[in-house]
Amino acid sequence: MIKTNEHIRNIAIIAHVDHGKTTLVDGLFRQSGLFANRDIQDRIMDSGALERERGITISAKNCAVNWKGVKINIIDTPGHADFGGEVERGLSMVNGVVLLVDAAEGPLPQTRFVLQKALTLHLSVIIVINKVDRQDARPQEVLEEVYDLLLELHPDESMLEVPVLYCIGRDGSCGLEPDALDGDLHALLDIMVREVPAPQYDDSEPFQMLVSDLGYSDFLGRLAIGKVVNGSATTNDALICVGEDNIKVPLRVTRLQCYDGPTFHEAESIGPGDIVVLSGVEKVSIGDTICTKDSPKALPRITIDEPTVAMRFSKNISPLAGQEGKHVQSTKIYERLRKEALQNVSIKVERNAGDDTVTVKGRGEFQLAIIVESMRREGFELCVGRPMIIFKEDAQGNRLEPIEFLRVDCPEIYSGIIMEKLAKRKGQLMDITYDSDGRVTMRFEIPSRALIGYRDEFLTDTKGNGIMHAILKGYEAYRGDFPDRFTGSLISDRSGTAVAYGLFGLEPRGRLFVVPGDPIYEGMIIGEHNRDTDLTCNPTRTKKLTNLRASGKDDAVTLTPISNMSLEQAIRFIKDDELVEVTPKSVRLCKKILSSQQRKIFESRGYIPEYLYSTNG
């Protein structure tokens, strides 16, 4: 018999990046009485160092608040498109969503993505227009845009009857009108309890829990996190894990825990509808079903969209390898990536046959760059190649490629150069809107490969005043080739140390990436060439002593200051035959074949052997 657990509500907060999800959760913590007499840090749910540095949510996090006798389990999801797998994983545990939309920016591409996923799962929706105190806020217009998006994704008039609140998440206030806010978030909590359906369960079914997340504790071991779909369990129950292909593995659970705020507390028993944590479990993967040994019955596994971008990881091939990092072996790199794939359902890790490289497939270059950044902070040294698009074929053998919805917001004076460059990259302009403040909003459909390496060029063209967001539309027919970079590379032809005199002579040739005193090796990329060809040069050249003047006498050499390239910029810059060398202290660029003599040989042959991609030749 189907019943409901009226004492629990499961809800996810979804939005585009930087629309205020995590700040809103802070307000809910304070006003639910969880931290009544204590000061808490801002963005308490962004617990990772990278998350706090960049101000974004990277992985979905669970928490819980109690309101008027009802436990509300809340999932804070990422807003960046590259972490869409975290959103899909989080939505598998909830019955409703809070759609948070910026009162000035309105619905953006990721808003469409997360809302479409929620409506596909038939989740109830609560609309919250956030940041209504912004000077450029336009809450009523944004609400109309949200309604248009709802009707586009789910053409049903009932979509116009969803609850709507206006909010200032930073101040912890909300209300039914943008100019009449209450001094608290009580209205939002009340709507969560009233509008979000209580979780349903079948009291005739045995205990079933769908694993939606994995964690690790130094004290408790591995953690399996998920929603109890049916039944109940106690600490002493004999449980098993039903994995892929219906493989059953016995489990020894050391502790049952439930969420209380951002942490969890021990529980003697767990009931249907709650989001719980099982401690000490081993050999469990996301999507598995945990059930009783007497009645093993698997639930449908979590389905995640396929990855669209691949990147090759290898050991550090530089002569400087091993000087800054602790983990340099290819086996260590593979083990770390395999561990990442266990917790991140949206990536796939494949070991390449014939060499010691690893291919990692994910949703976007930013997601892969975050993995690389995490590894370098853990002491790894490695090399990564240019992100490559994953192509498919249809039934007729035609090549298909991923196409993205691209939304560009920039001053009107820059719209011409943006349209010209995106047209060269096979982008199709679908819509253009002119605002009263001199800005223009353009919507394109463009191949995913066209956006790799374009973001920095876009910021340069718009003088830093442009905003660009993209979300995957799907696979369509291949749109043809186009040049992805119009400049070449300045490549060192020998090892040594960069010298100011040698670099000064190279400045007219292009933009430099190194400064005097930096270590240099053969095959290292020291700058960007002005022309579309590579140039081999000697940045270690010193001034020679002659019988006319001393080597140290002459005008002082003044070099143009350089801006250090970040990891993401380096990944977007390189070409197919180049690598990014990543160490805990440095980010360098180099050719896949370091020897200039070998490069000339293979360039004359017209190809580079696969086995040379990860070795020093």
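All residue numbers in this chain count up from 1 along the given sequence.
- Contacts classified as ring pair (Phe, Tyr, Trp, His ring centres under 6.0 Å) and involving residues 403-453 (residues at least two apart or in different chains) are not found.
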Might you work through the side chain to side chain contact (heavy atoms under 4.5 Å, CB included) test for Ile452 and Ile389, ending with a clear yes or no? CA-CA 9 Å; Ile452 297 177; Ile389 295 299; 3.9 Å; yes
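- When side chains are defined from C-beta on, Val514 counts as touching Ile520, because their heavy atoms get closer than 4.5 Å.
- When all heavy atoms of Ala60 and Ile75 are compared, the pair lying nearest together is CB-CG2, 4.2 Å.
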Can you list the steps and then say if Val309 with Leu368 is a side chain to side chain contact (heavy atoms under 4.5 Å, CB included)? CA-CA 9 Å; Val309 176; Leu368 299 177; 4.0 Å; yes
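- You'll find the side chain of Leu589 stays beyond 4.5 Å of the side chain of Glu581, heavy atoms only.
- A 4.5 Å side-chain heavy-atom check between Ser596 and Glu522 finds at least one atom pair inside the cut-off.
- Salt bridge absent: Glu306 and Lys361 never bring a charged side-chain N and a carboxylate O closer than 4.0 Å.
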Could you please spell out the steps behind the side chain to side chain donor-acceptor pair (under 3.5 Å) verdict for Thr433 and Thr441? CA-CA 5 Å; Thr433 305; Thr441 301; 5.9 Å; no
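- Annotation: the span from Asn316 atom CG to Ser330 atom OG amounts to 12.0 Å, rounded to 0.5 Å.
- Using a cut-off of 4.0 Å between Lys/Arg side-chain N and Asp/Glu carboxylate O, Lys339 and Glu335 are scored as not salt-bridged.
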Begin from the C-alpha positions of Phe380 and Phe313 and carry the test ring pair (Phe, Tyr, Trp, His ring centres under 6.0 Å) through to its verdict. CA-CA 12 Å; Phe380 282 86; Phe313 288 61; over 10 Å; no
Using salt bridge (charged side-chain N to carboxylate O under 4.0 Å, His left out), reason through Glu578 and Arg485 one step at a time and then give a plain yes or no. CA-CA 13 Å; Glu578 298 170 350; Arg485 201 175 103 194; 3.5 Å; yes
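- For the pair Leu406/Arg443, no side-chain contact is recorded, criterion being any heavy-atom separation below 4.5 Å from C-beta on.
- Side-chain atoms of Tyr475 and Ile403, non-hydrogen and from C-beta on, never get closer than 4.5 Å to each other.
- Taken to the nearest 0.5 Å, the OG atom of Ser415 stands 10.0 Å off from the CG atom of Leu429.
- Two residues are said to be in side-chain contact when any heavy atoms from C-beta on lie closer than 4.5 Å; Ser492 and Asn538 fail this criterion.
- Interatomic distance, CD1 of Ile526 versus OG of Ser489, reported as 10.0 Å (0.5 Å rounding).
- Other residues, nucleotides and ligands place more than 12 heavy atoms under 6.0 Å from the CZ atom of Arg439.
- For the side-chain contact (heavy atoms from CB on, under 4.5 Å) with Ile14, the qualifying choice from Val125, Leu100, Leu91, Val98 is Leu91, the only one to do so.
- Sparse packing is recorded around CZ of Arg531, with 12 or fewer heavy atoms of other residues, nucleotides or ligands lying under 6.0 Å away.
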Donor-acceptor contacts, no H, no angles, side chain residues 139-147, under 3.5 Å, sequence neighbours left out:
from   : atom 1 : to     : atom 2 : distance (Å)
Gln140 : NE2    : Tyr166 : OH     : 3.4
Glu145 : OE2    : Arg138 : NH1    : 2.8

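- One distance of note links CZ of Arg89 with CZ of Phe83; it measures 12.5 Å at 0.5 Å rounding.
- Pairing each heavy atom of Gly85 with each of Ser346, the nearest pair is CA-CB, 3.8 Å.
- Looking at every heavy atom in both residues, Ile127 comes nearest to Val162 through CD1-CG2, 3.4 Å.
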Check against side chain to side chain contact (heavy atoms under 4.5 Å, CB included), Cys383 and Val582: CA-CA 6 Å; Cys383 285; Val582 183; over 6 Å; no
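- Of the charged side-chain nitrogens involved, at least one lies within less than 4.0 Å of a carboxylate oxygen, so that Glu445 and Lys473 count as a salt-bridged pair.
- Heavy-atom contacts from other residues, nucleotides or ligands closer than 6.0 Å to CZ of Arg455 number 12 or fewer.
- In this structure, the separation between CG on Leu451 and CD1 on Ile446 is 5.0 Å, given to the nearest 0.5 Å.
- Residues Met375 and Ile333 are in side-chain contact: their nearest non-hydrogen atoms beyond the backbone lie under 4.5 Å apart.
- Looking at Asn352 and Thr357, their side chains do bring a donor and an acceptor atom within 3.5 Å of each other.
- Using a cutoff of 4.0 Å between basic side-chain nitrogens and carboxylate oxygens, Asp576 and Arg386 are scored as salt-bridged.
- Across Leu24 and Gly169, no two heavy atoms sit closer than the pair CD1-CA, 4.3 Å.
- Salt-bridge check for Arg134 with Asp102: passed, with a basic side-chain N closer than 4.0 Å to an acidic carboxylate O.
- Between Arg112 and Glu152, the shortest heavy-atom contact is NH2-OE2, 2.9 Å.
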I'd like to know whether Glu401 forms a side chain to side chain donor-acceptor pair (under 3.5 Å) with Ser448, so could you lay out the CA-CA distance, the side-chain angles of the two residues, the decisive distance to 0.1 Å, and finally the verdict. CA-CA 8 Å; Glu401 68 173 341; Ser448 298; over 6 Å; no
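- A salt bridge does not link Arg399 with Asp394: every distance from a Lys NZ or Arg NE/NH1/NH2 to an Asp or Glu carboxylate oxygen is 4.0 Å or more.
- Ion pairing between Arg377 and Glu373 holds under the 4.0 Å rule for side-chain N and carboxylate O.
- For the pair Glu88 and Arg363, the salt-bridge criterion is met [side-chain N within less than 4.0 Å of a carboxylate O].
- With respect to Lys61 and Glu86, no salt bridge is recorded, no charged nitrogen being found less than 4.0 Å from a carboxylate O.
- Salt bridge Asp577/Lys575: absent, no basic N to carboxylate O contact under 4.0 Å.
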CA sep, side-chain torsions, deciding dist, call: Leu149, Leu115, side chain to side chain contact (heavy atoms under 4.5 Å, CB included): CA-CA 9 Å; Leu149 181 59; Leu115 183 57; 4.0 Å; yes
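- A heavy-atom distance below 4.5 Å is not found between the side chains of Leu512 and Glu528.
- Note: Leu108 CG to His16 NE2 = 4.5 Å, rounded to the nearest 0.5 Å.
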Under the salt bridge (charged side-chain N to carboxylate O under 4.0 Å, His left out) rule, what do Glu340 and Arg336 come out as? Steps first, then yes or no, please. CA-CA 6 Å; Glu340 181 74 26; Arg336 172 62 179 82; 3.0 Å; yes
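- A salt bridge is absent between Glu404 and Arg449: the closest approach of a Lys/Arg side-chain nitrogen to an acidic carboxylate oxygen does not fall below 4.0 angstrom.
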